[in-house]
Amino acid sequence: MQTMEPKGATGQAELLKNLRTAGGAYAMFIDGQWGAAADGGTRELVNPANGDVIAKVAEGSQADAERAIQAAHDAFYKGPWGESNAQDRAKLLFRLADKIDEHAAELSRMETLNNGKPLRETEYDMADAANCFRYYGGLATKPSGQTFDVPAASQTMVVREPIGVCGQIIPWNYPLLMAAWKLAPALAAGNTCVLKPAELTPLTALRLATFFEELELPKGVVNIVLGAGPVVGHAIAASPLVDKVAFTGGTKTGRSIMQAATGNLKKISLELGGKSPNIVFADADFDTAVDYALFGIFANAGQVCSAGSRLLVQDSLHDKLLPRLVERAKKIRVGDGFDPQTEMGPIISRAHQEKVEAYIRAGIEEGATLECGGQRPPGELGEKGNFIEPTIFSHTKPGMKIVQEEIFGPVLVVQRFKDEAEAIALANDTIYGLAGGVFTNDIAKAHRVIRKLRAGITWINTYHPTYNEAPWGGYKQSGIGRELGTHGYDAYTEVKQINVNLAVEPSGWFS
Ligand code: NAD
């Protein structure tokens, strides 16, 4: 196996040499300072491709979360950031984007080491993260207000202002990219941030903090606090000093964050799970549909909120498409993300691997047909790493657990439909509404179906490509609010109306 993996402890230490340490572990970034957890807590990070311990990081507690929140609060209400203008913030975001580009090779290798996904995916993610900062750098200085022609001698205008302290809680499937989606619009709009990376994948966010330090971001504007979700994440969601909480993660966690946020009625945005339908009509371009069906579910080993995890195939095409799909899925090369031959990496953790495997068992018990996969790969790969082979179920029924629940792994369930109406009914038949795709050569039919799809992100004759320019988010239990694009910027602002009396004299309302 050809590999660029950093060799052993020395190679890993070399890759991570730009991270700061404190108390024998990689440190958190709070109030412009690097430090250990208040109680000295640490956590070991594991390479999901081989089970090796790759790093020890600070594991914060409630006290660390509170310190970070206080720092962000002081930075917003007392620090120079509150007086910053859009041009200053734009300049900062552009420079940050350049730093990510300059260090893209280091960052993508760090991400592959920590998350396991193939280098070609992490390289793409780093470029996307840089572009996200660049996009919001550009947006910061663009017009955002309104004026109205109103009766009486009044001038009425609407301005957008930052919300204040933003708590931002992110998952492990796109560690740096999710940090960019949160920090870029928040900073562009002038907020201060407390970012909590997923406990399993904090390394690239810590490296990002070193860039903030080099760019002399005022202290407390961005704080990176590490720790468990129910401890540090909950403290952020519940804090009366946090004005907004933005969360990306599971729907169950989203519910608990929403509850925790009620104390001070903080603004919330939730980007949650999905069980997205990818609908293939008989008149679709066959090879394109097969190709994107595979990409839709097996990219990032299916650990994508918008994964096309349900493939809806029209009856007359089903028996032709399924064998082709299975044949190609079996050829996907599963392996270490550093191996240039690898096409699909590991599952993030042993615990998550076991959860995915429990779903595979449930599918078999429910009577679906396991067409391929369902196993760990043979040999060392399967023993040491958290791999599952690309898995496809056919002969499913709409009520099955594997059809209804988000598996968040490389497991595709195939459903059949007879006509447009049945495709739409099946597509909408889950609690989720994040994404969906349609493959057909009939453009009018494609649009009819998309219109009926209760989902926030949709594709025609493609699956997965999305852009910083367009809003991201879900219908139904896939979330609340939108990230990215101008919608994502607006979600980090308060709206204020200003009415100016142009005839300054008493109104005479009360004689
Ligand atoms: P998760 O909900 O377990 O964790 C996400 C984050 O929330 C982590 O940082 C975690 O530490 C924190 N957290 C956990 N419990 C918490 C609590 N009680 N209070 C506050 N914070 C808490 O999700 P995950 O397993 O890391 O990620 C997978 C999920 O994320 C999937 O459901 C996936 O669909 C979803 N996701 C959604 C999007 C989207 O944009 N809609 C993007 C990526 C991932």
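Every number for a ligand or one of its atoms is a count from 1 in the order of the listing.
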Subject >> Non-hydrogen protein atom less than 4.0 angstrom from atom 4 (O) of ligand 1 >> reply: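 Under 4.0 Å from atom 4 (O) of ligand 1, zero protein heavy atoms found.
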Tell me the protein heavy atom at minimum distance from [atom], and give that distance in Å.
atom                    : result
atom 35 (C) of ligand 1 : Gly249 O, 3.1 Å
atom 43 (C) of ligand 1 : Asn173 ND2, 3.2 Å
atom 17 (C) of ligand 1 : Gly229 O, 3.5 Å
atom 12 (C) of ligand 1 : Ile169 CG2, 3.6 Å
atom 24 (P) of ligand 1 : Trp172 NE1, 3.4 Å
atom 7 (O) of ligand 1  : Phe247 CE1, 3.1 Å

Side-chain heavy-atom pair [X], [Y] within 4.5 angstrom cut-off:
X      : Y      : value
Asn18  : Thr210 : no
Met28  : Asp64  : yes
Asn115 : Gln303 : no
Glu111 : Glu121 : no

Will you find, in the side chains of [X] and [Y], an N or O donor that is under 3.5 Å from an N or O acceptor?
X      : Y      : answer
Glu371 : Ser394 : yes
Thr430 : Lys476 : no
Thr112 : Arg109 : no
Gln353 : Arg350 : yes

Any atom of ligand 1 sitting under 4.0 Å from a heavy atom of [X]?
X      : answer
Pro230 : yes
Tyr174 : no
Ala198 : yes

Measuring from [atom], which candidate in [options] has the nearest non-hydrogen atom?
atom                    : options                        : value
atom 29 (C) of ligand 1 : Gly250, Gly273, Ala307, Ser276 : Gly250
atom 27 (O) of ligand 1 : Pro171, Ser309, Ala235         : Pro171
atom 11 (O) of ligand 1 : Gln259, Glu199, Glu483         : Glu199
atom 1 (P) of ligand 1  : Ile348, Thr253, Thr248, Val304 : Thr253

Original post:
Does the separation of the ring centres of His464 and Tyr292 fall below 6.0 angstrom?
Top reply: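 No, the ring centres sit 6.0 Å or more apart.
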Original post:
With ring centroids as reference points, do Trp472 and His487 lie under 6.0 angstrom apart?
Top reply: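 Distance test on ring centres: not under 6.0 Å, no.
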Ligand 1 atoms in contact with [X] (distance to a heavy atom under 4.0 Å):
X      : value
Leu434 : 41 (N)
Cys305 : 33 (C), 34 (O), 36 (N), 37 (C), 38 (C), 39 (C), 40 (O), 41 (N), 42 (C), 43 (C), 44 (C)
Lys196 : 9 (O), 10 (C), 11 (O)
Glu271 : 37 (C), 38 (C), 39 (C), 40 (O), 41 (N)

Does only the side chain of [X] get under 4.0 Å from ligand 1, or the backbone, or both, or neither? Count heavy atoms.
X      : value
Ile257 : side chain
Phe408 : side chain
Ser256 : side chain

Closest approach of [X] to [Y] (non-hydrogen atoms, all atoms of both residues):
X      : Y      : result
Gly220 : Thr192 : O-CB, 4.1 Å
Met110 : Leu15  : CE-O, 3.7 Å
Gly274 : Ser478 : CA-OG, 4.1 Å

Original post:
Is there a donor-acceptor pair under 3.5 Å between the side chain of Glu483 and the backbone N or O of Pro471?
Top reply: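 Not confirmed, Glu483 side chain does not pair with Pro471 backbone.
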Using distance alone, determine whether [X] and ligand 1 share an N or O pair under 3.5 Å.
X      : result
Glu406 : yes
Gly233 : no
Trp472 : yes
Leu272 : yes
Ile170 : yes
Ser478 : no

**OP:** Examine Lys56 relative to Tyr26 and say whether NZ or CZ is less than 6.0 Å from the centre of the six-membered ring and inside a 45° cone about the ring axis.
**Re:**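 Output no; distance or angle outside limits.
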Subject >> Lys117 to Tyr174 six-membered ring, cation-pi geometry met (6.0 Å, 45°) >> reply: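 Yes, a cation-pi geometry holds between Lys117 and Tyr174.
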